[in-house]
Amino acid sequence: MEKFKAFCIFLSFLFTFLLFMSILSLFLVPNPSEIISSLKTEEMIYSLKLSIATSLASTVLVILFSIPVGYALSRHDFIGKSIVKSILDLPMAFPELVLGLALLLLFGQSFIGKFLESFGIKIVFTKIGIVIAQFFTALPYAVRVIYSTFEGINPRYEFVSRSLGYGELETFFRISLPLAKNGLFASTIITFARCMGAFGAVLILAGGSYMNTEILPITLYLNISYGNLGMAITSGILLIIISFIAILIFEKFEGVNSSNFKKVESIRN
Amino acid sequence: MEKFKAFCIFLSFLFTFLLFMSILSLFLVPNPSEIISSLKTEEMIYSLKLSIATSLASTVLVILFSIPVGYALSRHDFIGKSIVKSILDLPMAFPELVLGLALLLLFGQSFIGKFLESFGIKIVFTKIGIVIAQFFTALPYAVRVIYSTFEGINPRYEFVSRSLGYGELETFFRISLPLAKNGLFASTIITFARCMGAFGAVLILAGGSYMNTEILPITLYLNISYGNLGMAITSGILLIIISFIAILIFEKFEGVNSSNFKKVESIRN
Amino acid sequence: VNENKSQTNKQFEGKTIIVLCGAGLMKPMNELITNFENKTGAKVDVHYGGSAELFGILTTTGGDVFIPGAYKYTADAAKRGLILNNTIKNITYHIPVIAVPKNNPKHIKNLSDLAKPGVRVVIGDPKACAIGKVAKAILEKNHLWTNVSKNIVVETPTVNQLLIYIATNQADATIIWEDMATWAEGKGKIEIIKIPKDENIIKTIPTAVTVYAKKDGDYDVAMAFNSYISSEEASKIWKKWGFIPYNNS
Amino acid sequence: MSKLSYLEVKNISIELGEFKLKDINLKVKKGDYLTIIGPTGSGKSILLETIAGFYKPKLGKIYLAGEDITNLPPEKRKMSIVYQDYMLFPHMTAFENIAYGLKKKIKSKEEIEKRIKEICEILNITHILKRNVKTLSGGEQQRVALARALVIEPEVLLLDEPFSALDVKTKENLRNLVKKAVKEYGTTVIHITHDFEDVWSLADRVAVMKGGGILQEGSVEEIFYKPSVNFVAEFVGTNVLKGEVIGKDENGLTLIKVGDTVVKSVDMGNGDVLISIRPEDVVVFYGEKRCKVKNIRRRGEVVEITLDLGGETLRSLLTPNMLKTLNVEDEVSISVDPNSVRIIKSLKQKISYKN
Amino acid sequence: MSKLSYLEVKNISIELGEFKLKDINLKVKKGDYLTIIGPTGSGKSILLETIAGFYKPKLGKIYLAGEDITNLPPEKRKMSIVYQDYMLFPHMTAFENIAYGLKKKIKSKEEIEKRIKEICEILNITHILKRNVKTLSGGEQQRVALARALVIEPEVLLLDEPFSALDVKTKENLRNLVKKAVKEYGTTVIHITHDFEDVWSLADRVAVMKGGGILQEGSVEEIFYKPSVNFVAEFVGTNVLKGEVIGKDENGLTLIKVGDTVVKSVDMGNGDVLISIRPEDVVVFYGEKRCKVKNIRRRGEVVEITLDLGGETLRSLLTPNMLKTLNVEDEVSISVDPNSVRIIKSLKQKISYKN
Ligand SMILES: Nc1ncnc2c1ncn2[C@@H]1O[C@H](COP(=O)(O)OP(=O)(O)OP(=O)(O)O)[C@@H](O)[C@H]1O
Ligand SMILES: Nc1ncnc2c1ncn2[C@@H]1O[C@H](COP(=O)(O)OP(=O)(O)OP(=O)(O)O)[C@@H](O)[C@H]1O
Ligand SMILES: [Mg+2]
Ligand SMILES: [Mg+2]
């Protein structure tokens with residue numbers, strides 16, 4: 001068998017194994033009865049529900065907004081584009097604490113915050129704050145991935161669609177988006193995962209208050225603080241399981257829809 | 001002008017503006033003299049240097065490893081592939097605290113940790129630990145993006161290269177990699193940014209020890225902890241500036257090398 | 001850190017201990033460690049972090065000396081049998097104060113002002129962080145809890161958040177530790193209002209040697225370090241950085 | 001805008017890197033069939049894409065039915081294009097590709113399926129309709145691309161080498177199909193091709209491009225029988241010979257001496273002239289032995305022989321049956337129908353005609 | 001392994017979705033030039049890619065110079081391939097694409113540049129060498145792909161419609177180039193084409209594919225003059241007629257009655273037979289009026305006329321000069337060289353020959 005192929009597959013399994021081992025050791029810390037009883041607490045159920053709800057909402061929002069942004073960055077030229085791109089990438093480099101602070105300054109007692117509050121939209125210390133924090137945590141990743149996906153698509157496809165009578169917008173939805181499928185998959189997975197795991201920014205912007213703005217990462221932190229390790233690790237485990245299931249479903253789904261290139265390269269198997 | 005185009009560009013500018021405003025407001029928290037004096041402290045300089053050094057090292061490592069892994073996942077079929085993919089994606093969903101604990105369990109007083117220590121490689125509470133923590137924080141992103149990039153490349157290119165006399169490995173370096181350029185750019189930017197901003201996992205695995213395993217996000221955290229907000233935010237600002245410059249350089253570089261599709265679509269301008 | 005390696009014959013030459021220390025104690029702790037290393041030849045790996053994170057590390061992989069930001073965590077650790085109970089020593093006092101934004105927009109002068117209508121109060125989550133527990137206790141002691149709790153906009157899991165919210169004007173008042181607030185006050189980010197001793201509840205910051213120290217064979221060094229930082233000699237350094245050393249004698 | 005030109009390209013200039021389209025002018029009448037020929041890299045595809053609206057010209061205008069469409073978005077131009085490299089949507093099946101444009105025009109599902117069924121039967125691609133286009137063979141892709149463009153019955157059909165990947169039989173069928181469809185719907189067609197059979201069987205008019213410019217534009221007869229004295233003659237394979245008008249015969253036909261041979265022409269002229277003769281119009285027979293066979297080469301179904309007329313070189317196309325007795329170095333005679341001998345230029349000064 | 005077959009494809013079967021290559025057998029001698037023809041979608045490209053090593057056959061073996069290469073990686077097969085859709089590396093300039101394979105073989109930079117310069121001058125692509133291949137025209141891309149494959153002088157050259165995007169002139173030049181190169185280096189070539197001119201001017205042998213199988217394989221003469229009685233004759237455009245042997249003439253030539261006409265053949269036979277006649281071998285003249293002109297159609301340079309021989313239909317190819325006086329419904333006579341009339345089948349039972 002070809003050595004390089006073997007090496008690549010070996011590496012994949014190595015990292016999978018390492019991660020698997022480390023996740024497994026997390027599972028071994030509490031004893032099972034502790035996990036079960038933790039799962040049944042009102043707090044855990046609340047936090048689980050809120051986590052899933054906010055992450056889903058944020059993921060949908062992120063994808064909705066990052067698609068037009070990624071598309072604009074790839075297809076249109078405007079002045080200062082590379083600065084715009086860099087600024088949009090930047091939050092990836094922020095420790096979550098900094099991002100949280102920045103969002104707090106933006107949406108807190110600022111002009112924008114007061115403006116929104118006049119419409120009854122409160123962001124700081126609220127559930128909306130959770131979504132906002134998750135949104136800005138994940139947006140840069142999605143934009144970057146979607147941008148680079150559109151870069152790889154020949155604009156002639158869009159042109160053919162338009163010459164067949166479809167307008168700019170219809171063409172976008174019927175041609176550009178489906179062609180960007182791979183990148184959309186990748187960015188959705190990254191976004192959802194990032195939203196589920198977002199902690200620091202949520203903590204600062206939404207406060208992280210018990211049974212109110214409490215999502216799983218905060219439950220985890222709160223319970224470590226309480227000294228309630230069983231609860232803490234259970235919320236960690238729950239987080240892992242939920243994310244794993246979501247990602248697995250998505251990966252399966254991607255597998256079905258993925259490119260047809262592979263079917264033709266029987267020599268490689 | 002086409003409405004959809006205008007809308008997409010508007011959104012890009014809106015988010016850029018929001019992020020820009022929030023970053024700007026961060027800059028306004030400390031006063032200039034505070035920034036200057038903070039910048040001159042030995043601690044800040046140490047932390048800056050260490051941040052850059054470890055992030056670069058981790059970025060290089062992440063890219064080196066994620067390329068073969070992403071390639072294997074895209075080009076080869078093996079049993080349990082979608083589980084392997086899901087596990088590799090999973091750490092993106094971990095709050096950094098969980099990732100840090102998981103790594104601590106893996107490399108700490110465990111079999112692997114002791115095994116490595118017998119070779120004199122200490123990971124916990126060392127600079128190597130920083131790199132390891134950054135590595136595992138960023139790896140999943142890079143793997144995911146690179147995987148989805150390889151999915152989009154017609155394997156016939158690789159075949160042509162091989163029929164022209166190049167072996168599997170040479171073909172990979174001369175054809176597959178350059179064709180994956182867009183994705184490599186994206187994942188390098190994400191990786192570098194993520195490594196610069198990695199905090200929780202680094203704190204747990206490498207310990208936030210003063211002037212030893214202290215990188216910028218830790219400087220920020222430690223200084224907030226004893227109330228030195230000026231120093232804290234200065235380190236945040238430094239982090240932002242460094243990352244911005246790095247990303248900007250990279251974006252410019254990508255611009256030069258990006259696809260030629262755009263040159264032909266003059267109708268769009 | 002330990003520049004004079006040439007000198008041998010020190011008591012603990014070649015030994016290393018791991019200290020888990022609250023991030024708020026970083027400045028004096030750095031100095032203490034340097035001194036300890038020079039004196040004994042031991043190497044101290046210090047690991048700063050939030051009390052909760054330190055507690056997490058302590059329960060998963062351990063460390064030799066445990067110095068969280070508040071007594072509560074030491075008590076939790078003792079309950080789980082992670083530390084040697086007879087080694088617990090208080091190092092400094094931990095004094096709650098009222099913190100308000102620069103210029104004190106709501107003109108807070110004392111604890112009872114926290115109950116005034118329209119004052120946005122943030123406090124630590126009484127279950128999650130030590131300052132929360134103390135703040136609640138203080139307010140209850142002064143029969144203000146019912147009224148103040150109406151003004152509380154958020155209860156935070158970490159003490160850092162409290163400082164951030166006051167410094168960025170998201171809230172009008174909070175109760176935090178004095179040692180944490182002094183620096184920010186010095187830089188004009190916040191203002192501090194002391195709470196009279198009789199209204200206040202003063203806490204301590206403890207240190208303790210863990211069960212891991214015994215397992216690792218670092219017990220002697222850990223014990224030496226544990227005594228050193230609570231010693232008379234150390235108390236000068238604590239004072240220098242604005243802490244009030246606990247009167248051990 | 002005159003009624004004569006339905007589609008008019010006026011002074012179009014475009015720059016793409018080092019390549020320039022220079023001052024292109026074209027007029028196409030409604031229902032006309034224009035083929036564009038020219039060497040590879042001469043800018044044919046770019047011109048077509050410009051008409052379709054993919055490139056925006058630096059200078060110049062494009063009019064359709066009198067309306068300035070230079071800045072109109074492609075979806076408003078009522079044109080459909082078949083790309084040289086097909087550009088099938090890779091995320092759709094063959095059927096979905098073909099249905100794509102139709103769905104926009106018609107709502108009725110049955111109607112759509114009916115029309116697709118019709119065109120696919122003619123194009124013989126019914127059996128691959130359910131397939132992912134990425135797995136189709138070259139010729140199948142080309143036919144799907146053709147179906148996609150034809151089925152919406154556009155006002156203007158732009159074809160970029162639409163038959164290049166097809167075998168002779170299929171090509172033949174498709175030519176007939178396109179011819180029929182075009183007649184039926186009065187479609188105006190611009191068709192780029194390298195295959196002169198396309199020109200002969202389909203075109204009303206021909207434009208010859210080279211190096212980003214149009215060298216000649218005219219009817220098929222004009223281009224092949226009276227090519228302009230430059231690259232065009234060579235490109236379309238017409239003989240261009242120097243001759244001298246030596247008088248008229250009893251029927252008023254011009255007598256022209258070429259080398260040692262005399263040919264007759266319906267055209268008028270005097271003095272030194274350049275004449276053009278299509279190789280397939282030359283009859284070779286054993287006669288006065290005025291020309292020498294220099295070369296004989298089988299070219300598929302036909303045979304090309306090169307003759308030396310005594311100074312001038314003439315290519316002639318024969319079917320193999322004529323050839324059985326002919327050998328290189330044989331001396332033969334030629335005869336050409338006077339209608340096929342055209343005087344294309346008077347040589348006042350003795351200029352060379354090689355481009 | 002016999003010396004006769006340098007490249008041997010033995011019982012190759014492959015399945016791709018609904019399409020199957022069925023039990024393919026091919027033998028190619030060293031230095032031979034094999035063209036593969038067949039309708040689109042017949043599996044030509046898949047066969048070529050299988051030989052090159054892109055697909056792994058489900059069954060069967062491929063031998064090169066006696067060695068089993070079925071499982072050999074492509075880089076060890078000493079073959080180079082020109083893809084139907086070029087597959088130029090998009091991240092390289094034209095020069096880098098061409099140099100790619102060469103760099104692996106030769107180290108000297110000067111030598112590489114020299115060789116590339118040589119081939120590019122012949123292919124006339126010197127001026128585009130520095131360009132990004134994504135901006136090249138179809139024909140330019142095709143020539144670059146050809147250069148990339150030719151320049152490394154492979155043992156076996158696999159060409160998938162290598163001239164389809166080129167104009168007549170360029171195509172002509174490239175045929176000569178390939179011919180020369182192949183002769184010079186003794187390269188073995190397998191060439192897929194839809195253009196019979198490629199077959200006539202290049203091929204030693206021809207294979208005709210349909211529906212995933214090879215219908216006939218033989219020399220060019222065999223395929224065109226003695227097509228197997230099925231799809232092949234139709235595909236290569238040969239007339240297949242029913243006739244009856246009625247005796248011999250004084251020269252020993254077989255006399256065959258077809259409809260109302262009698263033709264002579266060099267082949268032996270008796271009773272009812274099927275004969276094949278190439279359209280271009282039929283001479284039409286005004287004579288005994290045994291056949292009727294049914295249809296006249298200009299096909300590029302030539303004209304195809306369909307004749308009714310009294311029951312049997314015969315197509316004939318003429319050059320236009322022959323045609324000036326011919327009209328539909330005219331009654332004419334035909335003559336065919338006996339060498340061009342081939343008996344391809346004796347009809348014991350009166351079977352129909354239409355596939
Ligand atoms: N984006 C571009 N930048 C630079 N040059 C270009 C670009 N696009 C096309 N060209 C060049 O312009 C010339 C004309 O290209 P075009 O595709 O129109 O040729 P064509 O006449 O269609 O040729 P073919 O018959 O080979 O398809 C070619 O030399 C091509 O390389
Ligand atoms: N991966 C695949 N899955 C299913 N069918 C396939 C696949 N690849 C090719 N085919 C089908 O196999 C048949 C043969 O394909 P191939 O490309 O060999 O045709 P071809 O003879 O080269 O035709 P053309 O002359 O049009 O290039 C086609 O009908 C094609 O659609
Ligand atoms: Mg073209
Ligand atoms: Mg093919």
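Just so it is clear: chains get the letters A, B, ... in the order the sequence lines come, proteins before strands, and each one is counted from 1. Computed from a predicted structure; not experimentally measured.
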What closest approach, in Å, do [X] and [Y] show between heavy atoms, and which atom pair accounts for it?
| X | Y | result |
| --- | --- | --- |
| E:Trp200 | D:Arg298 | CZ2-NH2, 3.5 Å |
| D:Ser137 | E:Gly41 | OG-N, 3.5 Å |
| D:Ala165 | E:Gln84 | CB-NE2, 4.2 Å |
| D:Thr319 | E:Leu318 | CG2-CA, 3.9 Å |

Distance, nearest 0.5 Å, that separates CZ of E:Arg299 from CD of D:Glu172: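 Rounded to the nearest 0.5 Å, the CZ-CD separation comes to 6.5 Å.
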Spatial distance of atom CG (D:Leu166) from atom CD (E:Glu161) [nearest 0.5 Å]: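 One gets 8.5 Å once the value is rounded to the nearest 0.5 Å.
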Test side-chain contact (heavy atoms from CB on, under 4.5 Å) applied to E:Glu301 and D:Glu280, D:Glu301, D:Glu304, the passing residue: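 Passing option: D:Glu280.
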pair D:Tyr86-E:Asp85: side-chain heavy atoms closer than 4.5 Å: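 No, their side chains stay 4.5 Å or more apart.
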Residue D:Val199 versus chain E: region with a heavy atom under 4.5 Å: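 Answer is neither: D:Val199 stays 4.5 Å or more from chain E.
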D:Glu18/E:Lys130 ion pair, N-O < 4.0 Å: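 E:Lys130 and D:Glu18: not salt-bridged.
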Proximity breakdown for E:Val282 and chain D, heavy-atom pairs closer than 4.5 Å: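 The answer is the backbone of E:Val282.
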Engaged part of E:Ser45 at the chain D interface, taking heavy atoms whose separation is under 4.5 Å: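 No part of E:Ser45 comes within 4.5 Å of chain D.
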Evaluation steps, side chain to side chain contact (heavy atoms under 4.5 Å, CB included), between D:Thr135 and E:Phe19: CA-CA 10 Å; D:Thr135 68; E:Phe19 182 81; over 6 Å; no
All ring pair (Phe, Tyr, Trp, His ring centres under 6.0 Å) counterparts of E:Phe95, not counting sequence neighbours: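 With neighbours one apart ignored, the set is empty.
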Contact leader toward chain D among E:Arg278, E:Arg143, E:Lys171, E:Gln142, where contacts are heavy-atom pairs under 4.5 Å: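 If we count pairs closer than 4.5 Å to chain D, E:Arg143 comes out on top.
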Donor-acceptor under 3.5 Å (E:Asp167 side chain, D:His194 main chain):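 Such a contact is absent between E:Asp167 side chain and D:His194 backbone.
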All side-chain contact (heavy atoms from CB on, under 4.5 Å) counterparts of D:Tyr286, not counting sequence neighbours: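 For D:Tyr286, the residues satisfying side-chain contact (heavy atoms from CB on, under 4.5 Å) (neighbours in sequence not counted) are D:Thr325, D:Leu326, D:Asp330, D:Val332.
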